[in-house]
Amino acid sequence: MNVGQNKVTTLKNAIETFVTPGCHLSIGGFTINRNPMAAVYEIIRQKIKGIHLYAHSNGQGVDELIGAGAISRLEIAYGGNGKFASTCIRFRKAVEQGVIEVEDYTNYQMTLRFLAGSMGIAFLPTKSSLGTDIINKWGFSKEMRKKSSNIPDDKLIEMDNPFSNWCSTSKVVLVPAINPDVTIIHVQKADKRGNCRIEGLTFADVEQAKSAKHLIITCEHLYEKDELKSNSDQNQIPFIHVDAVVHIPHGAYPTACYNCYDYDPQQLKKYGEYAKNDDDYKKYLSKYIFGIKDHQALIDLVGLKRMEMIKADPETGYASNMDRT
Amino acid sequence: MNVGQNKVTTLKNAIETFVTPGCHLSIGGFTINRNPMAAVYEIIRQKIKGIHLYAHSNGQGVDELIGAGAISRLEIAYGGNGKFASTCIRFRKAVEQGVIEVEDYTNYQMTLRFLAGSMGIAFLPTKSSLGTDIINKWGFSKEMRKKSSNIPDDKLIEMDNPFSNWCSTSKVVLVPAINPDVTIIHVQKADKRGNCRIEGLTFADVEQAKSAKHLIITCEHLYEKDELKSNSDQNQIPFIHVDAVVHIPHGAYPTACYNCYDYDPQQLKKYGEYAKNDDDYKKYLSKYIFGIKDHQALIDLVGLKRMEMIKADPETGYASNMDRT
Amino acid sequence: MEYTLKEMMTIIAAREISNNDIVFCGTGISMLAAMAAKKINAPESVIFFETGAIDSKLEEIPLAVGDPRVMYHTSANGGLLDSFATMQNKITGDHVVGILGAAQIDRFGNLNSTVIGDYSSPKIRFSGSGGGCDVASFVPKSLIFMQHEKKKFVKKLDYLTSPGFLDGPGAREKAGLPSGGPAMVITNMGVMKFDEKTKEMYLAGYYPGITPDEILDKMEFTVDTSMAKEEIPPSAEELYLLREKCDSRRLIL
Amino acid sequence: MEYTLKEMMTIIAAREISNNDIVFCGTGISMLAAMAAKKINAPESVIFFETGAIDSKLEEIPLAVGDPRVMYHTSANGGLLDSFATMQNKITGDHVVGILGAAQIDRFGNLNSTVIGDYSSPKIRFSGSGGGCDVASFVPKSLIFMQHEKKKFVKKLDYLTSPGFLDGPGAREKAGLPSGGPAMVITNMGVMKFDEKTKEMYLAGYYPGITPDEILDKMEFTVDTSMAKEEIPPSAEELYLLREKCDSRRLIL
């Protein structure tokens with residue numbers, strides 16, 4: 001958070017400043033939509049390692065961070081990417097090879113954990129996962145938890161309803177709050193102070209943003225101070241929560257950004273191909289991430305024709321009739 | 001809730017159907033803003049009694065329901081009306097004369113209780129009110145609670161943080177969920193299926209709406225089925241939660257409705273005068289509620305000139321430079 | 001008339017959906033089934049997604065629940081908190097039909113979509129719960145898509161991701177879950193349901209050309225087949241609407 | 001230069017607000033103090049309201065926190081959940097200054113805004129907490145407006161609505177509240193603060209023409225007056241900005 005008036009900076013600087021080795025990170029978006037991909041690629045480019053990542057279903061961004069070896073611990077609900085990966089390939093390999101420690105939650109639980117963090121409360125209750133291995137099986141041991149001041153001593157706690165049977169509820173599961181060191185989200189519109197306007201679904205971005213100690217915003221469109229203060233009903237994140245604002249057109253590419261561009265099915269498929277084996281994946285990393293200097297270079301590399309293809313139809317907000325086979 | 005496709009009805013019918021004697025009710029808005037006043041007056045006109053009312057700071061509507069004798073039990077955070085009543089007069093008289101049972105909470109607690117109800121969970125935690133009489137002093141006795149299946153056995157429950165000292169939290173207060181039999185809110189825009197768009201602050205309307213077993217919407221502007229499905233980012237309540245939609249221009253009068261009209265300072269002041277003693281208040285009731293057949297009759301009685309005075313400035317959303325002395 | 005098993009499975013699921021049902025669907029065939037129901041037999045059913053979109057128009061089929069196509073022409077665009085609250089809150093949740101899939105299922109309809117092998121060092125890692133466990137925990141009725149294979153219909157799950165009837169009658173209630181649970185398992189060979197009393201899976205239907213014994217051969221545990229009937233294949237109209245109005249580009253089919 | 005006590009009180013509160021403070025304010029004089037701070041000494045302080053409005057432009061003075069005037073030209077228009085989370089969440093909450101008022105206050109800065117007499121059958125009923133108890137529970141620093149009267153500065157509150165330092169040093173922490181509490185009580189006669197160690201109220205300042213003894217006469221309990229200094233009256237510029245730029249129609253003043 002920062003109550004200051006101008007937070008515009010470069011992506012390089014924002015990542016250097018807030019994303020430190022071993023930090024606890026969360027990224028916005030959902031599967032193939034509005035992942036802060038430019039920031040993900042910059043984190044990889046800066047070779048920041050040992051990150052503890054919190055994810056619900058943050059699809060493409062999660063798989064690329066894992067693939068590049070940036071992640072050592074992962075708390076996650078869903079490591080898939082819709083039709084493009086029933087299970088994300090680099091995520092799967094990393095878990096099966098034991099190169100990352102992983103702990104499983106549900107999408108609702110992860111969202112409630114961010115909500116708890118954003119509310120400044122230690123936990124929230126739900127009925128989800130009662131009687132399942134989500135409660136019984138922990139990815140992080142009691143010992144490791146006790147040692148780490150920034151991980152709660154328990155994964156989840158089952159509790160009887162203290163209000164007798166109020167709401168015909170006998171038991172609940174308590175999920176512990178998450179307050180990431182830094183959250184990064186990509187939005188359609190932000191002003192220079194950091195007021196944000198997300199178009200289309202917000203997923204869990206608002207909770208992830210408000211629960212974070214530091215918040216980096218990348219945006220498609222950057223507005224002057226106060227320009228977004230008209231029609232502010234549509235702003236979900238007031239500037240006080242924001243530390244850095246970075247203007248990056250196509251900042252979610254190859255994932256979608258509603259009303260701006262669609263996901264790129266060709267790039268996502270190609271990624272899946274490269275991801276299948278380690279040598280090919282090295283080629284992917286050097287060609288699409290390490291081999292280029294910034295996100296604009298990636299957009300240039302992919303080319304104008306592809307950008308035209310994924311350009312959003314102003315009526316529907318996505319690329320109507322785009323070939324997705 | 002009702003998944004049906006057309007919910008348009010008359011106010012008379014909506015109130016008759018859903019607001020029954022002794023029911024548990026909540027109304028939307030905040031102090032002098034967006035109270036569902038047309039519905040409040042219709043409840044009074046239909047002489048429905050014994051209502052258990054849940055309120056945070058629902059100002060004008062609460063005081064008029066109490067003044068008319070419709071309320072027997074009240075759970076409330078704030079019985080004031082801003083500059084127009086540091087303490088609402090009829091509320092104060094009713095409590096001091098012991099004609100209503102009242103139990104006190106904070107605004108955040110009441111909002112969390114509606115949120116819990118809307119989430120389908122028995123309780124939510126907060127740090128608010130630890131060490132205060134909000135926790136220690138109950139308005140409803142243990143005995144009465146035990147007898148009533150629709151009131152939780154405990155007002156609030158203090159609990160140690162089960163996640164040790166996670167989030168440097170040692171204790172929390174658990175607030176029990178509220179699921180009113182019926183919630184009534186007034187919105188700027190609704191379609192015939194019940195999709196709702198609130199402009200300006202939402203207060204706790206969305207939580208009150210989604211926690212209710214039945215939901216009555218009164219609206220300034222009524223739209224055809226699906227008209228509000230474009231720009232649906234701005235819709236807060238999808239139609240599945242809604243039971244009845246009633247089209248009532250000036251339905252929040254004499255409270256404000258952002259972008260439509262301001263509160264009426266003259267009428268609110270006059271109300272305060274009438275409220276001071278019981279005989280005058282009887283005059284108020286017969287002149288402004290029982291003496292007229294519906295809300296349009298009230299608008300006609302107050303007159304066009306006043307409606308012009310409170311008409312919202314399209315830029316600011318309120319009546320700029322209106323005389324409020 | 002020719003049809004694929006995938007089409008059969010989709011239509012059978014679609015037939016289970018009624019007007020005024022609120023249908024929770026995931027990616028792929030489950031989304032297609034929900035779309036087919038709206039076109040064929042339940043035009044007033046309401047589709048919603050865990051991402052927060054409700055009553056989406058779906059002019060094109062989404063390839064994920066995060067696809068921007070779910071955001072167009074909705075009743076509201078919210079977030080994950082909204083969609084899961086719609087299910088956990090029984091006022092609306094009691095009207096929700098969930099459509100799920102998994103890597104393993106047991107005879108009480110519990111699902112595994114997390115790992116094969118030991119959780120701490122798995123042989124195979126899958127995506128994990130996503131919203132699956134949430135839906136299975138909350139909703140009164142769910143439909144489950146499975147492929148009929150011995151390694152998928154198992155005596156004991158490697159990991160219980162999403163609750164069915166847990167270990168039998170009364171177990172959900174004992175665990176603190178709302179009553180409800182799986183209603184139907186739709187596979188590439190037939191349809192399984194769950195006994196009212198024992199909560200155990202039984203064979204309710206098999207597809208034309210497939211015998212109950214062939215189905216039992218594809219399962220690690222046996223189920224009662226005495227009530228099994230041959231399923232009615234998709235009609236020409238059902239197929240037409242599914243193929244032309246739901247997935248004309250064959251992105252899922 | 002002439003000024004009213006209300007103007008003095010407003011300016012003293014305004015002087016306590018700094019740039020980058022997030023100021024929670026209620027109706028009336030507290031709102032006026034927050035507006036005055038922005039015009040006079042803290043142009044980059046941020047005003048917000050429990051109703052969910054943050055960074056409102058306030059071209060006209062609102063007559064309630066629910067006044068539509070708080071909704072115009074904001075950084076975001078949310079609801080009650082947003083505003084209280086902004087305070088309970090220490091990341092933002094540690095930057096919040098709350099401005100409160102009450103019917104009774106005790107020597108540890110605890111407030112009563114609920115009843116006089118017995119809670120179950122009160123002699124006088126007031127509005128109740130509203131968001132007051134929430135703010136007093138959450139924020140590290142609050143300013144309290146009071147009228148100096150014996151019945152208002154009492155030995156024992158009839159009802160403890162909003163927590164100050166409860167019964168003294170360490171009591172907030174013991175109760176589970178975040179540390180913090182009241183910083184200053186601004187009355188029509190002077191300014192009280194709270195001792196670092198004992199958490200007890202002491203007289204920090206008195207207005208020109210008023211003596212410490214006159215103030216003690218208006219209190220049921222006595223406080224240390226040894227550190228009291230005469231308060232600096234509002235300057236001509238402060239008064240000009242307050243009168244002309246904040247409340248030119250004298251709706252509050």
Side-chain angles (χ1 to χ4, degrees), chain A residues 29-33 56-57 59 76-84 86-88 91-92 95-96 98 104-109 111-112 115 126-134 137 139 169-172 200-207 256 258 262-263 265 312 316-318 320-321 324-325, chain C residues 27-28 49-53 59-60 62-73 77-81 84 88 90 110 112 114-115 119-134 137-138 157 159-163 166 171-178 249-252:
Chain A
F30 196 98
T31 60
I32 54 175
N33 207 313
H56 42 81
S57 298
I76 192 169
Y78 178 74
N81 214 16
K83 190 83 161 54
F84 294 96
S86 58
T87 305
C88 291
F91 159 76
R92 175 180 168 171
V95 177
E96 290 174 2
D104 281 82
Y105 295 86
T106 73
N107 268 340
Y108 191 41
Q109 288 173 339
T111 308
L112 287 174
L115 176 63
T126 175
K127 289 184 184 181
S128 179
S129 83
L130 285 162
T132 73
D133 285 334
I134 302 277
K137 299 192 175 167
T169 296
S170 59
K171 287 183 187 170
V172 295
L201 298 173
T202 54
F203 306 125
D205 281 26
V206 179
E207 294 73 34
Y258 195 62
D262 214 326
Y263 49 86
T316 62
Y318 55 83
S320 306
N321 304 311
R324 296 179 293 148
T325 50
Chain C
T27 304
F49 300 93
E50 64 188 292
T51 43
E59 292 203 308
E60 296 185 16
L63 296 184
V65 297
D67 191 309
R69 285 151 189 79
V70 307
M71 304 178 187
Y72 174 58
H73 203 76
N77 277 339
L80 276 68
L81 287 175
F84 290 114
Q88 189 171 240
K90 301 306 283 176
N110 304 301
N112 172 15
T114 305
V115 294
Y119 179 62
S120 58
S121 54
K123 269 195 232 52
I124 305 173
R125 172 71 209 203
F126 301 112
S127 63
S129 162
C133 171
D134 303 308
S137 297
F138 298 147
L157 302 175
Y159 185 102
L160 200 171
T161 311
S162 303
L166 297 175
R172 281 182 70 95
E173 295 69 15
K174 191 156 156 295
L177 289 171
R249 288 155 191 271
R250 303 291 184 275
L251 293 171
I252 306 293

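Below, chain A is the first sequence line, B the second, and so on; all start at residue 1. Reckoned from all heavy atoms, side chains included, excluding hydrogens, waters and symmetry mates.
In this structure, Tyr108(A) and Phe84(C) have tilted ring planes: the angle between them lies in the 30° to 60° band.
Using a 4.5 Å cut-off between heavy atoms, Ser128(A) touches chain C through backbone and side chain atoms alike. With a 4.5 angstrom heavy-atom cutoff, Tyr105(A) touches chain C only via backbone atoms. For Asp205(A), no part lies under 4.5 angstrom from a heavy atom of chain C. Contacts of Ser137(C) with chain A are made by side-chain atoms alone, with heavy-atom separations under 4.5 Å and no backbone atom involved. Contacts of Thr126(A) with chain C are made by both backbone and side-chain atoms, with heavy-atom separations under 4.5 Å.
Put simply, of Phe84(A), Tyr318(A), Phe203(A), the one with the most heavy-atom pairs under 4.5 Å next to chain C is Tyr318(A). Per-residue counts of heavy-atom pairs under 4.5 Å with chain C were compared for Gly80(A), Gly131(A), Ala256(A); the largest is that of Gly131(A).
Counting only N and O atoms by type, the side chains of Tyr119(C) and Asp104(A) include a donor and acceptor under 3.5 Å apart.
Here the CG atom belonging to Asn77(C) is positioned 8.5 Å from the OG1 atom belonging to Thr202(A), to the nearest 0.5 angstrom. The CG atom of Leu63(C) lies 4.5 Å from the CZ atom of Arg324(A); values are rounded to the nearest 0.5 Å. Atom NZ of Lys171(A) and atom CD of Glu173(C) lie 12.0 Å apart (nearest 0.5 Å).
Residues satisfying the side-chain hydrogen bond (donor to acceptor under 3.5 Å, both in side chains) criterion with Ser320(A), sequence neighbours excluded, are Asp313(A), Thr316(A). Remark: Tyr72(C) pairs with no residue by the ring-ring contact (aromatic ring centres under 6.0 Å, His included) rule, at least two apart or across chains.
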